[in-house]
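Here is the naming used below: chain letters follow the sequence lines, and residue numbers restart at 1 for every chain.
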Amino acid sequence: MTGDYAVMRLEGKSFHDRVIAAIRAVPRGKVATYGQIAAFAGSPRAARQVVRVLHSSSRKHKLPWHRIVNSRGRISLKPGQGYEEQRARLISEGIEFSDDEGIDLARFLWTA
DNA sequence: CTCGTGACTCCCG
DNA sequence: TCGGGAGCCACGA
């Protein structure tokens, strides 16, 4: 594709597809919140559905699932359930964590 | 059609 | 600061 992550036409596509597109649009070194992805997909309050999409398609679509964090800039996964891996992946992309505040959204939150 | 299921979020106390 | 509770919504069974 000529573009990069681009001009996806969300019309006619399902919520599921839009979520996929939104997640793929998050660049390296940036993170997005579940609510943000949901909003981008057309349903501001469907953050929980984003989780479902992640579960069902993250691997299949090779999505940067690790760039999705909760609204407070923290990893929602529990230790031993993926928390470690997600944190490692984010750090490798240059995202910084502070022990008590998690990720500084003011600096790393993705903004379309 | 009804129900269960969440890697969520917001609001209170 | 932290925890509990209720709201919310797409989707498969």
Side-chain angles (χ1 to χ4, degrees):
Chain A
M1 7 210 109
T2 59
D4 315 79
Y5 33 89
V7 195
M8 31 209 154
R9 344 193 139 166
L10 312 149
E11 296 166 45
K13 297 214 167 190
S14 66
F15 172 81
H16 179 94
D17 292 325
R18 297 187 209 186
V19 168
I20 299 292
I23 294 174
R24 299 198 64 186
V26 181
R28 270 178 60 98
K30 288 288 180 178
V31 298
T33 67
Y34 299 91
Q36 201 174 17
I37 296 299
F40 199 88
S43 298
R45 298 177 194 148
R48 313 186 73 170
Q49 281 39 254
V50 173
V51 171
R52 282 179 143 332
V53 174
L54 249 31
H55 272 286
S56 64
S57 318
S58 64
R59 183 183 282 234
K60 169 179 169 188
H61 291 272
K62 299 188 176 68
L63 300 174
W65 57 273
H66 55 283
R67 301 197 186 122
I68 311 302
V69 298
N70 65 33
S71 66
R72 290 174 325 198
R74 310 187 119 173
I75 291 176
S76 291
L77 290 173
K78 296 169 189 172
Q81 298 289 314
Y83 176 90
E84 305 278 329
E85 186 185 349
Q86 181 169 15
R87 193 178 71 181
R89 285 179 179 244
L90 291 175
I91 290 177
S92 72
E93 293 193 350
I95 290 175
E96 299 165 30
F97 282 73
S98 72
D99 301 317
D100 46 333
E101 305 263 327
I103 299 172
D104 180 356
L105 293 180
R107 297 172 53 198
F108 302 105
L109 182 64
W110 171 56
T111 50

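- Residues satisfying the salt bridge (charged side-chain N to carboxylate O under 4.0 Å, His left out) test with A:Arg72, not counting sequence neighbours, are none.
- Applying the side-chain contact (heavy atoms from CB on, under 4.5 Å) criterion to A:Ile20, with sequence neighbours excluded, gives A:His16, A:Arg24, A:Val53, A:Ser57, A:His61, A:Leu63.
- Note that CZ of A:Arg18 and CD1 of A:Ile23 are 14.0 Å apart. Values are rounded to the nearest 0.5 Å.
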Nucleotide by nucleotide, nucleotides 4-13 of chain C touches protein heavy atoms under 4.0 Å in the pattern (B base, S sugar-phosphate only, - none) ---BBBBS--
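- The side-chain contact (heavy atoms from CB on, under 4.5 Å) check on A:His55 picks up A:Val51, with sequence neighbours excluded.
- Less than 4.0 Å separates DNA chain B from no heavy atom of any residue of residues 100-112 of chain A.
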Stepwise salt bridge (Lys or Arg N to Asp or Glu O under 4.0 Å) test for A:Arg89 and A:Glu93 = CA-CA 7 Å; A:Arg89 285 179 179 244; A:Glu93 293 193 350; over 6 Å; no
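- Residue contacts shown for A:Thr33 are limited to sugar-phosphate atoms, with no base heavy atom under 4.0 Å away.
- Contacts between residues 65-79 of chain A and DNA chain C, defined by a heavy-atom separation under 4.0 Å, are absent.
- A:Arg87 meets the side-chain contact (heavy atoms from CB on, under 4.5 Å) test with A:Ile75, A:Tyr83, A:Ile91, A:Phe97; sequence neighbours excluded.
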Sequence neighbours excluded and cut-off under 3.5 Å, please list the side-chain donor-acceptor pairs for residues 38-48 of chain A, or say none.
none

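- Shortest non-hydrogen contact noted between A:Ser71 and A:Leu105 is O-CD1, 3.4 Å.
- Taking the 5' to 3' direction, DNA chain B first and last meets chain A under 4.0 angstrom from a heavy atom at B:dG4 to B:dC10.
- Not counting sequence neighbours, A:Glu101 has no partner by the salt bridge (charged side-chain N to carboxylate O under 4.0 Å, His left out) test.
- A search for salt bridge (charged side-chain N to carboxylate O under 4.0 Å, His left out) contacts involving A:Arg107 returns A:Glu96, not counting sequence neighbours.
- Across residues 82-98 of chain A, not one residue has a non-hydrogen atom less than 4.0 Å from an atom of DNA chain C.
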